[in-house]
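What follows is a set of notes on a single structure, which appears directly below.
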Amino acid sequence: MRKGLILLGILAMLFTPINVKANGNVLLKPHKDAKVTIFANGKNITMNLPEEKIVETFKYTKGGEKIGTVSTSVIVKIDSETNEIEYLEDYDIMPLDSQDNTNTKSYWKANISINYILTNSYINYKNVSGSWTKLSSNAPAITNKEVVYGGMFKDGYPLVTKYPSSNSFSYDTYFGNRPYNYGGAIMANAHCNVGGQYFAVECGLRL
């Protein structure tokens, strides 16, 4: 069920191609995406993160390759009384210690990054990394940690699932160079259960 929803999220990314021609080494200008998903108490909430919450860094090689990273991080608040999970949109504006800081409220932070090499003819999805960080001593443990990564291109990237044994992870994909078609994408999704509820963060790049 959840993996099916993840796949639907990937397909939604793919059907909004951006074919912007740019001056420089690489012809097209990829578009970065990120979202957070929470399944709690029978409710399903998925939010696309605003542009300012997504960090993209890159450099060009002498040969014209674009070496880039797309990353994002989110903080959620867990209420042990109501078993609710809430995504904090303004955590970078309002310090956590100014929010509810009682024995029933606690916080987790999730980070995820993808690394790639892009040319005018191929993309190489190199690595996915990330972490879950407990921000409150009373925060419930996270369980059922999974990382799903892959992409959609005419030559294909498979969807790969990994099961991190700790609260941080880094996986080289070994996908190699793949020709892309406009409208393709690469993505990564890190999800877990916290306080018995499902919480996921995802980032990607649309071509």
Checklist entry - Within the side chain of S136, is there an N or O that forms a donor-acceptor pair under 3.5 Å with the backbone of Y107? => result yes
Checklist entry - Within the side chain of N138, is there an N or O that forms a donor-acceptor pair under 3.5 Å with the backbone of K105? => result yes
Next on the checklist: Show, in sequence, the C-alpha distance, side-chain angles and deciding distance for W132 and F169, and conclude whether the ring pair (Phe, Tyr, Trp, His ring centres under 6.0 Å) test is met.
Outcome noted: CA-CA 9 Å; W132 295 275; F169 58 88; 5.5 Å; yes
Between [atom1] on residue [X] and [atom2] on residue [Y], distance to nearest 0.5 Å:
| X | Y | atom1 | atom2 | result |
| --- | --- | --- | --- | --- |
| N48 | E202 | CG | CD | 9.0 Å |
| I54 | T72 | CD1 | OG1 | 6.0 Å |
| I186 | N115 | CD1 | CG | 9.0 Å |
| K162 | K145 | NZ | NZ | 16.0 Å |
| I123 | E65 | CD1 | CD | 11.5 Å |
| N167 | K109 | CG | NZ | 14.0 Å |

Checklist entry - Relative to Y116, does K126 satisfy both conditions: NZ or CZ under 6.0 angstrom from the six-membered ring centre, and within 45 degrees of the ring's axis? => result no
Do [X] and [Y] belong to the same hydrophobic cluster, where Ile, Leu, Val, Met, Phe, Trp and Tyr are linked whenever their side-chain heavy atoms lie under 4.5 Å apart, directly or via other members?
| X | Y | answer |
| --- | --- | --- |
| I142 | I112 | yes |
| M187 | I117 | no |
| I78 | M47 | yes |

Item to check | Verdict with supporting geometry, V147 and T161, side chain to side chain contact (heavy atoms under 4.5 Å, CB included) | outcome: CA-CA 6 Å; V147 177; T161 302; over 6 Å; no
Checklist entry - Quick one: are V74 and L49 in side-chain contact, heavy atoms under 4.5 Å? => result yes
Item to check | Candidate pair V160 and V148, rule side chain to side chain contact (heavy atoms under 4.5 Å, CB included), full reasoning | outcome: CA-CA 6 Å; V160 177; V148 180; over 6 Å; no
Checklist entry - Looking at Y198 versus H191, is the centre-to-centre ring distance below 6.0 Å? => result yes
How close do [X] and [Y] get, counting heavy atoms only, and between which atoms?
| X | Y | result |
| --- | --- | --- |
| L159 | G150 | CD2-CA, 4.1 Å |
| I114 | G204 | CD1-CA, 3.9 Å |
| P164 | S168 | CB-O, 4.5 Å |

Checklist entry - Strictly by modelled atom types, are T69 and S113 linked by a side-chain donor-acceptor pair under 3.5 Å? => result no
Checklist entry - Going by atom types alone, do S71 and N111 pair a side-chain donor with an acceptor below 3.5 Å? => result no
Checklist entry - How far apart are the C-alpha atoms of C192 and T143, what are their side-chain angles, what is the distance that settles it, and do they pass the side chain to side chain contact (heavy atoms under 4.5 Å, CB included) test? => result CA-CA 6 Å; C192 65; T143 59; over 6 Å; no
Checklist outcome for this item: Residues passing the ring pair (Phe, Tyr, Trp, His ring centres under 6.0 Å) test with F58, sequence neighbours excluded, are Y60
Checklist entry - Would you call the rings of Y149 and Y171 parallel, tilted or perpendicular if under 30° counts as parallel and over 60° as perpendicular? => result parallel
